[in-house]
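The structure under discussion appears below in the form of structure tokens.
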Amino acid sequence: MLTFTADPFTDTVFHVYTVAGETVKVSADDFQEDHGDEWTVDLSDDLDDGITEVDHIEYYAETEQTQYETIRLQEPFEIITYTDSDGDEYESADFERSEPHTDDNYITEEEWRDQQERHDELIEKYEDSQGGGGITIGDTSIPNELIGLGLAVAAAIGLLR
């Protein structure tokens, strides 16, 4: 028999891990209210070792879809540890408040256009640099293909003489 001293969360599946190494899944609907202050469920049919202790309990939303819920905390709380999506556990975190966007701290359309033009120039320079090289004299670039063609013509003229 498993007893909760608070009403189990609705739409929740509880994974109960025992010290005997067994796991049972129960939902909030499986619990029966006893005297208004306890909720119980009989797990003996789902366990090989009917008399055991709970090692720990994990709980998850019954739905496979992501659900978002906003709650308002009424009392102070402390986060002891937290785990990120990669499974790494942390004991502390830093938070920096950022300034909300207003009409005064956005860039102007002219600043946006200038940034976009500079961005386009950099992309063009990068793409030009990937063209296989060449020679640059002042503002003039001569690609390798033209240099090779010029050498071939000079060699052909040399052979004809």
Side-chain angles (χ1 to χ4, degrees), residues 2 4-18 21-31 33 36-37 39 41 54-161:
L2 175 67
F4 279 13
T5 57
D7 190 4
F9 302 126
T10 58
D11 300 323
T12 302
V13 175
F14 297 89
H15 294 233
V16 181
Y17 297 86
T18 70
E22 297 182 89
T23 305
V24 177
K25 293 180 185 178
V26 294
S27 71
D29 296 334
D30 295 331
F31 285 84
E33 185 174 355
D37 59 348
W39 289 259
V41 61
V54 173
D55 182 46
H56 67 280
I57 299 175
E58 296 175 358
Y59 56 93
Y60 306 92
E62 278 186 316
T63 181
E64 294 292 324
Q65 299 173 345
T66 302
Q67 293 181 333
Y68 297 96
E69 183 175 337
T70 301
I71 59 170
R72 183 174 178 188
L73 301 173
Q74 301 292 329
E75 297 178 23
F77 66 96
E78 180 181 1
I79 298 174
I80 307 299
T81 62
Y82 69 94
T83 305
D84 67 13
S85 58
D86 294 329
D88 298 323
E89 189 171 296
Y90 301 92
E91 293 181 0
S92 65
D94 295 324
F95 173 75
E96 292 182 22
R97 184 178 304 271
S98 61
E99 180 182 344
H101 289 284
T102 65
D103 291 341
D104 299 333
N105 63 4
Y106 271 65
I107 62 172
T108 65
E109 285 186 40
E110 184 177 332
E111 290 170 321
W112 173 258
R113 278 192 297 275
D114 291 344
Q115 285 182 6
Q116 187 64 39
E117 287 173 14
R118 177 67 180 143
H119 180 74
D120 292 341
E121 284 175 26
L122 293 172
I123 289 173
E124 188 175 323
K125 285 183 180 182
Y126 173 78
E127 288 173 349
D128 289 345
S129 74
Q130 302 303 306
I135 298 174
T136 302
I137 302 171
D139 289 337
T140 305
S141 292
I142 303 170
N144 279 343
E145 292 83 5
L146 288 179
I147 294 170
L149 180 62
L151 292 174
V153 170
I157 292 172
L159 288 175
L160 293 174
R161 287 186 177 188

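The first residue of the sequence shown is numbered 1, and numbering continues consecutively from there.
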Applying salt bridge (charged side-chain N to carboxylate O under 4.0 Å, His left out), can you list everything that pairs with Glu121, at least two apart in sequence or on another chain?
Arg118

Which residues pass the side chain to side chain donor-acceptor pair (under 3.5 Å) test with Asp88, sequence neighbours left out?
none

Atom [atom1] of [X] and atom [atom2] of [Y]: how far apart are they, to the nearest 0.5 Å?
X	Y	atom1	atom2	answer
Thr108	Arg113	OG1	CZ	7.5 Å
Thr12	Tyr60	OG1	OH	12.0 Å
Trp112	His119	CH2	NE2	9.0 Å
Lys25	Thr23	NZ	OG1	9.0 Å
Thr83	Glu89	OG1	CD	4.5 Å
Leu2	Ile57	CG	CD1	5.0 Å

Please check if atom [atom1] in [X] has more than 12 non-hydrogen atoms from other residues, nucleotides or ligands closer than 6.0 Å.
X	atom1	answer
Phe9	CZ	no
Glu110	CD	no
Glu111	CD	yes
Gln116	CD	yes
Ile79	CD1	no

If I compare all heavy atoms of [X] with all of [Y], which pair ends up nearest, and what's the gap?
X	Y	result
Asp7	Trp39	N-CZ3, 3.3 Å
Ser27	Phe31	O-CD1, 3.5 Å
Val13	Glu62	CG2-CG, 3.2 Å
Val41	Asp30	CG2-O, 3.6 Å

Ignoring hydrogens and geometry, is there a side-chain-to-backbone donor-acceptor pair from Thr18 to Glu22 under 3.5 Å?
yes

Please verify the inter-ring angle class for Tyr59 with Phe14; under 30° counts as parallel, over 60° as perpendicular, anything in between as tilted.
tilted

